[in-house]
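Below, read A as the first sequence line, B as the second, and so on, with proteins coming before strands; counting in each chain starts at 1.
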Number of protein chains: 2
Amino acid sequence: MNTIEEVLESKDIRITAMRLLIYKFLAEKEVAVTLSDIENAFEKADRTTLYRTVKTFEDKGIVHQIDDGTGITKYALCEKGCNCEIETDLHLHFHCINCNKTICLTDHKIPQIKVPDGFVSENVNLVVKGICDKCSS
Amino acid sequence: MNTIEEVLESKDIRITAMRLLIYKFLAEKEVAVTLSDIENAFEKADRTTLYRTVKTFEDKGIVHQIDDGTGITKYALCEKGCNCEIETDLHLHFHCINCNKTICLTDHKIPQIKVPDGFVSENVNLVVKGICDKCSS
DNA sequence: AATCAACTGCAATGGAAGTGCATTTTTAGC
DNA sequence: GCTAAAAATGCACTTCCATTGCAGTTGATT
Ligand SMILES: [Mn+2]
Ligand SMILES: [Mn+2]
Ligand SMILES: [Zn+2]
Ligand SMILES: [Zn+2]
């Protein structure tokens with residue numbers, strides 16, 4: 001169990017109050033969040049700072065972007081040991097069309113996808129849309 | 001072999017000069033197009049008209065949207081007999097990170113995706129990013 | 001030809017992503 | 001501790017795309 005400080009330092013991310021708060025916010029969420037979600041949670045902070053903070057997190061490899069088809073990019077913390085940067089982010093994402101939440105299904109890996117001759121696959125984005133467990137019960 | 005007029009009428013889309021031209025434009029393209037692509041091809045027409053035309057095509061089920069992750073929605077004609085509206089659009093899409101083109105791989109079907117208990121899958125969006133056949137040769 | 005509905009064009013809006021620059025905070029060297 | 005440099009933050013502004021309201025035009029129907 002590492003502290004947040006240790007996680008950030010291990011990725012060469014300098015520690016600031018803002019970053020600790022945003023990291024904690026992301027860690028507490030079980031769903032992917034939009035920039036607006038973060039904005040609403042930290043009304044005193046400027047949107048640009050929040051934007052650049054998650055961007056830094058993403059660049060350093062502790063957050064990954066999710067395009068779930070809503071047109072609004074969402075963000076989620078990477079799992080321990082994840083390396084989205086190097087190879088494709090292997091897990092799939094679920095987007096609930098009822099509650100609009102998007103969830104990382106981190107242990108549902110994306111199957112190998114065949115592409116025609118001449119095509120070279122480098123990355124795969126797989127989003128399943130439907131009804132989540134909470135909305136279907 | 002149906003004429004464009006017959007296709008449109010069979011889907012309850014009224015025939016106008018604009019719609020015939022746009023349909024023909026889409027049919028000639030082997031890749032998915034953005035609204036700007038259409039705009040550039042029809043500079044005399046208003047962007048709104050083009051927008052609403054593809055939207056009508058989409059609502060009536062002869063065009064499907066593609067979200068390839070670039071943030072710009074693309075459009076492509078549905079194949080004959082396709083029914084994206086009813087069930088999931090089964091084929092996958094390939095987005096070339098070199099030439100920025102997005103292609104329907106209509107005979108590459110999306111494999112069955114397992115989701116956890118309680119989740120109900122209704123639709124799947126699968127985009128493969130990489131290098132297309134023309135750019136890799 | 002008249003009428004009504006659908007289509008088109010123009011203008012404006014809104015949302016989200018991104019950038020330039022000034023200010024503040026943090027770090028590091030002395 | 002003090003100072004200079006570097007990094008982070010806040011504010012203003014821009015750009016790009018999607019979308020809508022409304023007025024004018026076109027097309028279908030009688
Ligand atoms: Mn994820
Ligand atoms: Mn397609
Ligand atoms: Zn839900
Ligand atoms: Zn290409």
(request) Measure from CD on B:E5 to P on D:dG27 and round the result to the nearest Å. (result) 14 Å
(request) Check if the side chain of B:T48 and the base of C:dC10 share a donor-acceptor pair of N or O atoms closer than 3.5 Å. (result) yes
(request) Assign B:T56 to base, sugar-phosphate, or nothing according to its heavy-atom contacts below 4.0 angstrom with the strands shown. (result) nothing
(request) Check every atom of C:dA16, C:dG18, D:dT9 against the side chain of A:T16 and return the nucleotide holding the closest atom. (result) D:dT9
(request) Could you say whether A:A45 or B:T73 is positioned toward the 5' end of DNA chain D, judged by the nucleotide with the nearest heavy atom to each? (result) A:A45
(message) Between the side chains of B:R47 and B:E39, is the shortest nitrogen-to-carboxylate-oxygen separation below 4.0 Å, so that they form an ion pair?
(response) yes
(message) What is the distance, to the nearest angstrom, from the CG atom on A:L35 to the C1' atom on C:dT19?
(response) 15 Å
(request) Please check the phosphate of C:dA17 (OP1 and OP2 only) for any side-chain N or O of A:Y51 closer than 4.0 Å. (result) no
(request) Please tell me which of B:R14 and B:T49 maps to the more 5' nucleotide of DNA chain C, matching each residue to the nucleotide holding its nearest heavy atom. (result) B:R14
(request) Record whether the side chain of B:R52 comes under 3.5 Å of the base of D:dG21 through a donor-acceptor pair of N or O atoms. (result) yes
(request) State yes or no: are the ring centers of B:H91 and B:H93 separated by less than 6.0 Å? (result) yes
(request) Find the distance A:L50:CG to C:dG18:C1' and express it as a whole number of Å. (result) 15 Å
(message) Base of D:dG27, side chain of B:R19 - is there a donor-acceptor contact under 3.5 Å?
(response) no
(request) Grab the CG-P distance between A:D46 and C:dC21 for me, whole Å please. (result) 17 Å
(request) For B:T34, report the nucleic acid contact type (base, sugar-phosphate, nothing); a contact means any heavy atom under 4.0 Å. (result) nothing
(message) Under a 4.0 Å threshold between the charged nitrogen and the carboxylate oxygen, would A:D68 count as salt-bridged to A:K74?
(response) yes
(message) I need the B:K129 NZ to B:N98 CG distance, nearest 0.5 Å.
(response) 14.0 Å
(request) Calculate the interatomic distance between A:E58 atom CD and C:dG18 atom C1'; express it in whole Å. (result) 14 Å
(request) Examine A:F42 together with A:F25 and report whether their ring centres are nearer than 6.0 Å. (result) yes
(request) Find the distance A:I15:CD1 to D:dA6:C1' and express it as a whole number of Å. (result) 17 Å
(request) Starting from P on D:dA28, measure out to CG on B:D12 and report it in whole angstrom. (result) 14 Å
(request) Find which nucleotide of DNA chain D each of B:Y75 and B:A17 is nearest to by heavy atoms, and output the residue with the more 5' nucleotide. (result) B:Y75
(request) Mind calculating the distance between CD1 (B:I22) and C1' (C:dG9) to the nearest angstrom? (result) 13 Å
